[in-house]
Structures are given as structure tokens and as C-alpha cells.
Protein chains: 2
Amino acid sequence: MPLNSDPIGFAHHDHATCVTDAVASVEARCIAAGLQFTPVRKRVLEILLEEHRALGAYEILDRLRDEGLGSQPPVAYRALDFLTKHDFVHKIERLNAFIACAHPHEVHTPAFLICRDCNAVAEAETNLTQGRLAKIASATGFIIERAILEAEGLCPNCIPKSEPA
Amino acid sequence: MPLNSDPIGFAHHDHATCVTDAVASVEARCIAAGLQFTPVRKRVLEILLEEHRALGAYEILDRLRDEGLGSQPPVAYRALDFLTKHDFVHKIERLNAFIACAHPHEVHTPAFLICRDCNAVAEAETNLTQGRLAKIASATGFIIERAILEAEGLCPNCIPKSEPA
DNA sequence: TTGATATATGTCATAATATAACATATCAAC
DNA sequence: GTTGATATGTTATATTATGACATATATCAA
Ligand SMILES: [Zn+2]
Ligand SMILES: [Zn+2]
Ligand SMILES: [Zn+2]
Ligand SMILES: [Zn+2]
């Protein structure tokens, strides 16, 4: 699998400040909401932001272990539980992996585009109350609380490789 | 968790013939496509149709073992690989579980409504080339090959229990 | 019919993902 | 400071899934 060099919307970006900006934003939101943004939780978010790709829980745990922040699975899973519960991080069900949220604001329904070649993941935003799923649900009398939208395919960078000439 | 008594679109239905009809339909499609609908594959499909709910691979394996059709995980996973590859069965990523396809025809993009209370799963049909995901993808230059659409919430049968008066 | 090839199964072993349970520590409110 | 809630450390185990390799069966051509 090729390296994933530009996972945010599959386009390059200035990575210099985006990690610290995102961490600061989450920190502020935690303070505002009375949530404890503890060292482990903060570090897990940082790791995900630094990598800017979907990481498995055990990849994250390896990093934490190297840094002396925790060595057992529950440490990673608890931090991920906290971060995903508050939508600072999302789980990609298709990959059993986690990625930092690419959006700044409070509540949203993320949709992911997952490249099967380079494993890059782009996060788009959708609206839970619009779209076909919502129509189907309301016709059925089903109340949607959460939606998982994940598309697999080829990102713009990998299409040329797979469809030569 | 309450029993799941009516998982097809959350409504009761005549279950008497639907299993044999569905198996016959799949059998015909396998013959037409030159696919081997072997005893294990057939039995796994039957089990899923009989239960009409999402089953984990190991639940299926337990059944196979009881019936002397296989005792090791690869037996179940291989049958499920075959059935999901050809869309006779779908995997519910959110549940790490499998459910028989509720639709008769060849190729489709299923969308699932998953009740968090009774675990019932309804399958609706969508179109890969319409909808917001497709718009986002085409704007991004991403080629969608497959989509995972899973909504979690409360089915019509469980809403009364969760929202009293 | 036979041999060659692909496909499917049986089995053992292990990998990868995730949680239960319980003791200890820290935080937040009073 | 006491207290209750929240977070962490740790051991153990549960759950989900695949690698590897030998054997068997199906398919097809000669
Ligand atoms: Zn997000
Ligand atoms: Zn790619
Ligand atoms: Zn289907
Ligand atoms: Zn329900």
C-alpha cells in the first residue's frame, strides 16, 4: 500500500499549525462543557491529528506505551471512548480504526470516503435530517439517532494508478 | 434486550415460505452465474434466513458445529465471504454481524436501520449514484465502489418503551 | 477417462480487536 | 477534609478474524 501523504480531503495542506489549533479548540470546548481533557486523552487526540489518518487502537496504544503514558488496551480504548463520544474523534467502522475529526464545530454527522488503495480517509459533513436514510426512516417510523456513512473506492491520487491510460 | 420478533422492516410477515423461496432464488442465481452453492454455503444462508436477524460469525459457526457441518472459524468465514461477495448476505459493520439480503435482485446498495433496543435490522435499498455521498465524491474526484449506510436508533416497536407517554 | 487446474474444505494455530472486573488514584463539590 | 464521582493502572479474558497448509472435490481439456 502506498504512503498516505495527503489525507485531508485527499489534498495537501499546511500541517504546521493544524494540530495545535485543533487541540486548542478541543481543549476550549472541554473547558466550556466541563469535560476533563486529561493528558492521555489529549495525547491520543494529538497522535491522531499528527498522523492525519485512521489508526487502530493498538497502533495508538503502541505510541502511548513508547511515551510511558499507558501500556494496557483499556487505556487506549477509554481515551478513544471519551473522544468519540464527544465527536472529537470518529471511528471508521469499516477499518476498525479511529481518525481525528476534521470539522471544527459541535455536532455533525460525518461521512467518510475511504481509499482502498492508499487507505486515506476524507471526512465530509452531512445532515442527519436530510437525505434518503432520513426519508426511509420517517416512512418506517424509525428514529435515527446516529448514522454511519462510509464509502469505499479510489481517491483522486490513486485513480491514475488503477486506471492506466 | 427484548426479543426481536419482526425484523423485516420491523413489521410481521409470513415466514412460512420466505426461507425456501429465498434459498431457491439464490440457488437459481448461482446456477446461472456458474457459482458453487455448496452445502455449507446453503446452510449458512438458511440459518440467516430462518433467524431473520443479524448473527455473528461465531453464532453461525455454533449452529454448523451442532449440525456436523464444520467446527472451525474458517468454515463459517469462508461461507460468509462467498455469500457477502455476491450480495446474498450483507455484513452489518456496526454489529460485526451478518444478515441475509432482503432483496430479490442482483446488484444494490443496501442501507440498514438498526434498533439499539431490540437489535432488529431492516434493509432498505438505495442507489449508489444518487444522494449526497455521490455528490461529495464527484466533487472530490473520488470513485465510490461500495457504500456502507447504517443508521442506529429506535424501531417503531421500541419507541413506545423508550418514550413513555 | 484421465490428468491438469482451479476451487472448496478440514484443521491447527495465531492475529487483531475489544471488554470485564477490580484496585487505586485523582478530581469536584460540599 | 470528607465524600461521591470520575479517571487510571492492571490482570485477565472475550470476541472477531485470518494465515497456512494438507486434503478433497469440481471443472475442463485432451
Ligand atoms: Zn467530524
Ligand atoms: Zn488513495
Ligand atoms: Zn440486500
Ligand atoms: Zn426495536
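Just so it is clear: chains get the letters A, B, ... in the order the sequence lines come, proteins before strands, and each one is counted from 1. Being a predicted model, the structure only gives us computed values, none of them experimental.
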(message) Ring-plane angle category for B:Y77 and B:Y58, please: parallel below 30°, perpendicular beyond 60°, tilted otherwise.
(response) perpendicular
(request) Start with the C-alpha gap between A:H108 and A:H90, add the side-chain angles, then the distance that decides, and say whether ring-ring contact (aromatic ring centres under 6.0 Å, His included) holds. (result) CA-CA 11 Å; A:H108 59 291; A:H90 303 296; 5.0 Å; yes
(message) Check A:E50 with A:R63, please: is the shortest side-chain N to carboxylate O separation under 4.0 Å?
(response) yes
(request) Rounded off to whole Å, could you give me the CZ-to-C1' distance for the B:R78 and C:dA6 pair? (result) 15 Å
(request) Answer with base, sugar-phosphate or nothing: what part of the nucleic acid does B:R41 contact at a heavy-atom distance below 4.0 Å? (result) sugar-phosphate
(message) Is there a side-chain contact between B:T38 and the phosphate of C:dT9, meaning an N or O under 4.0 Å from OP1 or OP2?
(response) yes
(request) Please state whether the phosphate of D:dA17, meaning OP1 or OP2, lies under 4.0 angstrom from any side-chain nitrogen or oxygen of B:K91. (result) yes
(request) Tell me which of B:N96 and B:P74 sits closer to the 5' end of DNA chain C, going by the nucleotide each one is nearest to. (result) B:P74
(request) Considering just the side-chain nitrogens and oxygens of A:S71, establish if one lies under 4.0 Å of OP1 or OP2 belonging to D:dG9. (result) no
(message) Output the rounded distance in Å from CD1 (A:I31) to C1' (C:dA28).
(response) 16 Å
(request) Indicate yes or no: at least one non-hydrogen side-chain atom of B:H52 is less than 4.5 angstrom from one of B:C18. (result) yes
(message) Can you tell me the base-pairing partner of C:dC12? Count Watson-Crick or G-U wobble geometry only, both distances below 3.5 Å, and say none if there is no partner.
(response) D:dG19
(request) Please state how far atom CD in A:Q72 lies from atom P in C:dA21, giving the value in whole angstrom units. (result) 18 Å
(request) Send over the distance from A:L80 CG to C:dT17 P, rounded to a whole Å. (result) 12 Å
(message) Between P on D:dT16 and CG on A:L95, what's the gap in Å once rounded to a whole number?
(response) 18 Å
(message) Counting the atoms with a prime plus P, OP1 and OP2 as sugar-phosphate, which does B:Y58 contact under 4.0 Å by heavy atoms, base, sugar-phosphate, or nothing?
(response) base
(request) Specify the separation, in whole Å, of atom OH of A:Y77 and atom P of C:dA18. (result) 4 Å
(message) Output the rounded distance in Å from CD (B:Q36) to C1' (D:dA26).
(response) 5 Å
(message) Rounding to an integer number of Å, can you tell me how far A:H86 NE2 sits from D:dT6 C1'?
(response) 12 Å
(request) Find out whether A:L80 and A:L48 are in side-chain contact, i.e. whether some heavy atom of one side chain is under 4.5 Å from a heavy atom of the other. (result) yes
(request) Look at the side chain of B:P73 and decide which nucleotide, out of D:dT11, D:dA17, C:dA18, has an atom nearest to it. (result) D:dA17
